[in-house]
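Heads up, the thing below is written out as structure tokens.
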Amino acid sequence: MNNATGVAASPLDTARLVAVELDGRGAEIEQARGLPPDLVDRFRDSGLFGLALPRTLGGAECAPLTVVEVVEEIARADPSAGWTLLIGQGAGFLAWLDPATASEVVAHTPRPVVASSMAPAGRGEQTPDGYLLSGRWPFTSGCAHSDWLMAGFVVTRDGVPVTDESGRPVQRMAFVPSSEVTVVDTWRVAGLRGTGSHDVTVTGSLVPREFTADPFFEPARLPGPLYGASMFSFLMTMMAGFPLGVGRRALDEFHVAAHRRVKQPAGTSMAEEPVVQAAIVRCESRLRAARALVVESLGRLTEVVESTGHAEPAVRARLAASVLHAMETAREVVETALHSCGASSIYATHPLQRCFRDIHAAAQHVAFGQEALKRLGRIELGLPAPVFLV
């Protein structure tokens, strides 16, 4: 990441430059149903797709807060681009592979973009060399421009799921090169239209065992605050900037509309209305408070991992809860801005429409569901909970 003077630019400075280039391209991105090729190349060449790639593999391995800030900046410029960027950090999961195997991946594809679908929608038949993988995975954002796919699967033997000592079907994640993946054009949706989150299929691909991992139950092979807490903490770190960025964009549009829109017959701006003044200060306070909670929770987790090499479930749960709170807050802020800005915001091309559609689509991700809230609540109350999902 170098600027025009040849001095290395920070990832956040780079994100701000790219955000300017995204301005005005929202409709184009939605119509393309994915990032246009020039923007994919821009994300690659600028190093933005390598924020979470381990430094030992040629990536930036940014501090967790830096990742949040970069995703926030891009999501503020365009929500679909922000979502594509955060999902494009799947190369960070290479930290769960044996370092020698991970090095093979980057030797094959330097600074790879890794799409991921963690749902165990595949079946991997055990062989002496690994697993014969077949399956179909929906919602695979950025799959059309990705170099590798990380896909969840259930291990089978003679077609029957293998179970562990507790009776749970054994699940793993497979890293598969894109040449063995078929993209099925399915992405015609209400929100996040520009993320290219099509279905993908793999049919009978032999995946060597060393190209698989179980990030739910196995620790990362590499240390550091990005990887040392848990797979779920890594995922929530990647996602935290998205609602903050979309919420901030909605408030940007609210501020502009408040001064531009003139109420008739009084001839005064919307900004002069007490109800609007109250709404915007509430939104600003809520979003800033949500952001502060994410920063505080992420800082605590980073501090703990750097000092001990790991993080207890309670610390991880506080981070996850802060990200869920940010998503809930952003939804409220977007809805308030949309309802306050009048009829002009109902047009499909209006930035607030994209914010509205995209924040609600993103909120459907399993990480933000009621099951996640239930797990976090049980941990907060000191009750037994599946901590591998925190």
Side-chain angles (χ1 to χ4, degrees), residues 1 8 10-12 15 47 50-73 86 89-103 118 173 213-244 288-327 367 372-373 375-390:
M1 302 180 185
S10 73
L12 185 54
L51 300 174
L53 179 65
R55 193 172 296 107
T56 56
L57 299 175
E61 194 177 330
C62 292
L65 181 57
T66 299
V67 176
V68 172
E69 291 174 332
V70 169
V71 172
E72 179 183 26
E73 194 70 30
L86 78 89
Q89 304 306 318
F93 287 110
L94 293 175
W96 274 264
L97 291 182
D98 180 271
T101 303
S103 294
M118 296 181 185
M173 303 286 178
D214 181 5
F216 289 105
F217 288 95
E218 298 171 354
R221 303 293 189 94
L222 296 176
L226 272 181
Y227 325 115
S230 71
M231 180 280 297
F232 198 78
S233 291
F234 174 83
L235 177 63
M236 297 312 284
T237 299
M238 299 304 107
M239 288 189 162
F242 179 82
L244 298 174
R288 289 167 59 198
R291 189 181 193 280
L293 182 60
V294 168
V295 172
E296 175 195 311
S297 302
L298 190 60
R300 175 59 179 159
L301 181 135
T302 300
E303 177 187 0
V304 169
V305 174
E306 287 181 334
S307 62
T308 69
H310 67 281
E312 296 300 320
V315 177
R316 290 157 22 206
R318 288 287 176 89
L319 170 64
S322 74
V323 180
L324 267 66
H325 176 65
M327 176 60 79
L373 275 172
R375 288 193 302 273
L376 300 178
R378 292 186 66 85
I379 292 172
E380 190 71 27
L381 290 166
L383 299 174
V387 295
F388 69 93
L389 288 172
V390 174

Ring pair (Phe, Tyr, Trp, His ring centres under 6.0 Å) partners for Phe232, two or more places apart: none
Thr66 side chain near Leu12 side chain, heavy-atom distance below 4.5 Å: no
Gap between atom CG of Leu319 and atom CE of Met236 - 0.5 Å precision: 7.0 Å
Residue pair Ala91 / Leu53: nearest heavy atoms and the distance that separates them: CB-CD1, 3.7 Å
Tyr227 to Leu222 - nearest heavy-atom pair and separation: CB-O, 3.9 Å
Donor-acceptor pair, side chain of Ser307 and main chain of Val304, under 3.5 angstrom: yes
Minimal non-hydrogen separation, Thr302 against Pro225, with atom names: CG2-CB, 3.7 Å
For Pro11 against Leu51, the heavy-atom pair lying closest together: CB-CD2, 4.0 Å
Residue pair Ser233, Leu301: steps toward the side-chain contact (heavy atoms from CB on, under 4.5 Å) verdict: CA-CA 9 Å; Ser233 291; Leu301 181 135; 3.7 Å; yes
Trace of the side-chain contact (heavy atoms from CB on, under 4.5 Å) decision for Glu69 with Leu244: CA-CA 9 Å; Glu69 291 174 332; Leu244 298 174; over 6 Å; no
Donor-acceptor contact present, side-chain Gln89 to main-chain Ala52, <3.5 Å: yes
Any side-chain heavy-atom pair of Pro99 and Thr56 under 4.5 Å: no
Taking every non-hydrogen atom, the tightest pair across Pro54 and Gly92: CD-CA, 4.4 Å
Any Met238 side-chain heavy atom under 4.5 Å of Leu226 side chain: yes
Summary of salt bridge (charged side-chain N to carboxylate O under 4.0 Å, His left out) pairs that have at least one residue in residues 214-240, sequence neighbours excluded: Asp98-Arg221, Arg172-Glu218
Rounded distance [0.5 Å steps], CG in Leu376 versus CG in Leu389: 10.0 Å
Nearest-0.5 Å distance, CZ of residue Arg291 to OG of residue Ser322: 12.0 Å
Minimum heavy-atom distance between Arg316 and Ala311, given as atom pair plus value: NH1-O, 3.0 Å
Steps toward side-chain contact (heavy atoms from CB on, under 4.5 Å) verdict (Trp96, Met231): CA-CA 9 Å; Trp96 274 264; Met231 180 280 297; 4.1 Å; yes
Result block: side-chain N/O donor-acceptor pairs under 3.5 angstrom for residues 378-387, not counting sequence neighbours:
from, atom 1, to, atom 2, distance (Å)
Arg378, NE, Pro384, O, 2.5
Arg378, NH2, Pro384, O, 3.1
Glu380, OE1, Arg318, NE, 3.1
Glu380, OE2, Arg318, NH2, 2.8

